[in-house]
Amino acid sequence: MTESKIQQHTTGTLDTLYRSVRRVIEGARRFVSIAANTALVKQNWEIGRLIVEDEQGGKRKAEYGKAQLEGLANRLTTEYGNGYDERNLRYMRAFYLSFPNWNALRSELNWTHYRIIMRETDLTAREWYMNECVACGWSTRELERQVSTQAYSRLLSAANPDRRRKRQLPPNTPMPEQPKSLVPADFIKNPMILEFLSLADDIRLRETELESAIISHLKDVLMELGRGFCFVARQKHIHSGSDDYFIDLVFYNCILKCYFLIDLKIGKVTHKDVGQMDMYRRMYDDLICQPDDKPTIGIVLCDETDPNIARYSVLSGNDKLYAVKYSTVMPSEDILRREIANQKEQYRIQMQDVKKVQQLSGGD
């Protein structure tokens with residue numbers, strides 16, 4: 001073997017050894033990081049439990065309890081640092097009160113995740129954020145965005161009291177990864193918040209510009225869409241007879257096992273828009289879908305929805321077709337809350353006859 005070949009062989013075996021050792025180191029570091037996060041969460045939960053039990057056991061008045069907490073914080077801070085000051089002890093107390101069942105917590109989430117989730121007072125929403133955070137691998141920054149944009153409230157299924165009741169769990173029950181039965185409304189947010197596109201909230205924006213911006217920020221768009229979505233096509237061509245059609249955006253949801261077609265509209269939605277999307281959806285079912293695919297979902301993504309369209313167009317009683325409003329700027333909390341309520345009411349109008357339609361068509 002020549003010297004150059006020996007050197008190449010040595011380099012090759014060294015590279016292999018290096019990669020193997022590196023995997024071991026990275027795996028150990030991940031394990032240590034996860035273990036440290038779990039230990040911190042467990043510590044803070046236990047401290048919160050002790051504080052709550054001390055308060056309840058002493059049946060103290062608020063003033064006395066406050067003095068007790070201040071005294072505890074002073075002694076702990078002197079010995080362990082600012083991580084145990086009164087403010088943080090109050091967070092720990094709130095943490096235990098928010099999650100009194102340790103088994104209901106997710107070990108994949110760290111203390112900062114829980115600090116953010118605790119801001120949500122709705123128990124069903126809190127459960128959703130926890131499970132969605134784990135399933136989607138949200139960083140604390142992404143979780144912060146989801147909570148601040150009221151992601152759970154924007155889900156259409158959150159408007160259905162029956163589904164909300166079904167998702168409620170008895171006390172001390174570990175939270176499941178996801179409900180057994182899922183429907184498109186569990187995945188569709190209305191309105192959709194697309195502030196990351198960095199586009200002006202201007203009616204003069206062209207649909208092609210909006211489409212290009214979505215493609216350029218596809219990772220963020222998939223985060224906004226939620227769990228299970230993957231991108232399929234832009235300007236998807238469908239040929240039927242002598243006519244050609246082009247669908248703006250096509251996604252597939254691996255959980256629901258169905259396609260989502262999105263048509264972008266600048267301005268207010270019209271009956272022609274929803275009629276066209278209904279045609280696209282039916283054509284996709286007939287020409288593209290495989291036998292094991294579930295029925296295609298059509299979404300008209302528009303500047304403004306219309307209750308009359310929800311009531312009198314093909315949207316009415318249709319659980320496969322939706323008009324969804326989008327915003328290219330981050331609205332204030334109050335404006336967003338009002339907009340969510342408005343979209344939920346339009347969804348209620350659209351879906352009020354869906355059971356009748358399903359019965360007539362022999363559906364579930």
Side-chain angles (χ1 to χ4, degrees), residues 154 156 184-185 187-226 228-254 256-289 293-306 309-310 313-315 318-329 343 346-347 350:
R154 289 188 288 123
L156 292 177
F187 292 79
I188 297 174
K189 298 186 181 84
N190 195 357
M192 285 185 63
I193 308 299
L194 307 174
E195 88 291 348
F196 47 78
L197 299 182
S198 300
L199 295 171
D201 193 17
D202 192 334
I203 196 66
R204 291 171 295 180
L205 179 71
R206 292 182 299 178
E207 289 163 5
T208 53
E209 293 173 332
L210 177 59
E211 182 183 315
S212 296
I214 287 175
I215 296 299
S216 298
H217 296 80
L218 197 53
K219 180 180 177 180
D220 294 318
V221 171
L222 288 171
M223 280 287 192
E224 172 67 5
L225 287 174
F229 280 95
C230 55
F231 177 67
V232 175
R234 173 188 188 182
Q235 290 297 311
K236 174 67 176 178
H237 177 219
I238 297 181
H239 180 79
S240 179
S242 59
D243 295 319
D244 293 282
Y245 303 93
F246 296 88
I247 302 170
D248 290 341
L249 299 167
V250 180
F251 295 87
Y252 191 84
N253 189 282
C254 302
L256 291 178
K257 299 190 182 305
C258 69
Y259 288 97
F260 278 71
L261 313 183
I262 296 182
D263 208 17
L264 305 173
K265 295 296 176 184
I266 302 299
K268 190 174 183 178
V269 68
T270 68
H271 69 282
K272 292 182 179 179
D273 296 331
V274 295
Q276 176 178 268
M277 175 50 76
D278 192 43
M279 181 184 70
Y280 287 164
R281 189 189 65 77
R282 294 171 187 273
M283 291 173 65
Y284 218 89
D285 279 344
D286 188 44
L287 301 175
I288 304 295
C289 288
D293 288 325
K294 292 186 179 178
T296 300
I297 305 301
I299 295 176
V300 180
L301 195 59
C302 53
D303 264 344
E304 185 180 350
T305 54
D306 186 338
I309 299 297
S313 74
V314 290
L315 281 178
N318 196 328
D319 61 349
K320 305 294 187 295
L321 188 63
Y322 302 87
V324 173
K325 182 174 181 176
Y326 70 85
S327 174
T328 57
V329 298
Q343 297 305 320
Q346 293 192 43
Y347 175 65
Q350 174 184 340

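Checking side-chain atoms of E207 against main-chain N and O of I266 turns up a donor-acceptor pair under 3.5 Å. Not one N or O on the side chain of D303 forms a donor-acceptor pair closer than 3.5 Å with the backbone of K265. Between the side chain of K268 and the backbone N or O of D306, no donor-acceptor pair lies under 3.5 Å. Looking only at distances, a side-chain donor or acceptor of Q350 sits under 3.5 Å from a matching main-chain atom of L321. Without hydrogens or angle criteria, D243 side chain to S240 main chain gives no donor-acceptor distance under 3.5 Å.
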Check the pair V250, Y284 against side chain to side chain contact (heavy atoms under 4.5 Å, CB included), reporting the backbone distance first and the verdict last.
-> CA-CA 10 Å; V250 180; Y284 218 89; 3.5 Å; yes

Determine, step by step, whether M223 and F196 satisfy the side chain to side chain contact (heavy atoms under 4.5 Å, CB included) criterion, reporting the C-alpha distance in whole Å, the side-chain angles of both residues, the deciding distance to 0.1 Å, and the verdict.
-> CA-CA 11 Å; M223 280 287 192; F196 47 78; over 6 Å; no

List the steps, then state whether side chain to side chain contact (heavy atoms under 4.5 Å, CB included) holds for Q343 with T305.
-> CA-CA 8 Å; Q343 297 305 320; T305 54; 3.0 Å; yes

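For the pair C289 and T296, the tightest heavy-atom approach, listed with the atom from each and the gap, is SG-OG1, 3.3 Å. In terms of heavy atoms, V329 sits closest to L199 at CG1-O, 4.3 Å. Heavy-atom minimum distance, H239 versus D244: ND1-OD1, 2.9 Å. Shortest non-hydrogen contact noted between V269 and C302 is CB-SG, 3.8 Å. Closest non-hydrogen pair, E224 versus R154, comes out as OE2-NH1, 2.6 Å. Between L264 and I262, the shortest heavy-atom contact is CD2-CG2, 3.9 Å.
Partners of R281 by salt bridge (charged side-chain N to carboxylate O under 4.0 Å, His left out), not counting sequence neighbours, listed by chain and number: D278, D285. Listed by chain and number, the residues in a salt bridge (charged side-chain N to carboxylate O under 4.0 Å, His left out) with D248 amount to none (sequence neighbours excluded).
Looking at Y259, Y252, F260 one by one, the single match for ring-ring contact (aromatic ring centres under 6.0 Å, His included) with F229 turns out to be F260. Considering N190, V300, I297 in turn, I297 is the only one that fulfils the side-chain contact (heavy atoms from CB on, under 4.5 Å) rule with Y322.
How far CE of M277 is from CG of D263: 4.5 Å, rounded to the nearest 0.5 Å. L261 CG to Y280 OH: the interatomic distance, rounded to the nearest 0.5 Å, is 10.0 Å. Distance check, rounded to the nearest 0.5 Å: CD of E209 to OG1 of T328 gives 11.5 Å. K325 contributes atom NZ, which lies 11.5 Å from atom CG of L301 (distance to the nearest 0.5 angstrom). For the atom pair CG (L194) and CD1 (I214), the distance works out to 6.0 Å, reported to the nearest 0.5 Å. The CD atom of E304 sits 12.0 Å away from atom OG1 of T270, with the distance rounded to the nearest 0.5 Å.
Looking only at side-chain heavy atoms (C-beta outward), L210 and L197 come within less than 4.5 Å of each other. Residues L249 and I215 form a side-chain contact, since some pair of their non-hydrogen atoms from C-beta on lies under 4.5 Å apart.
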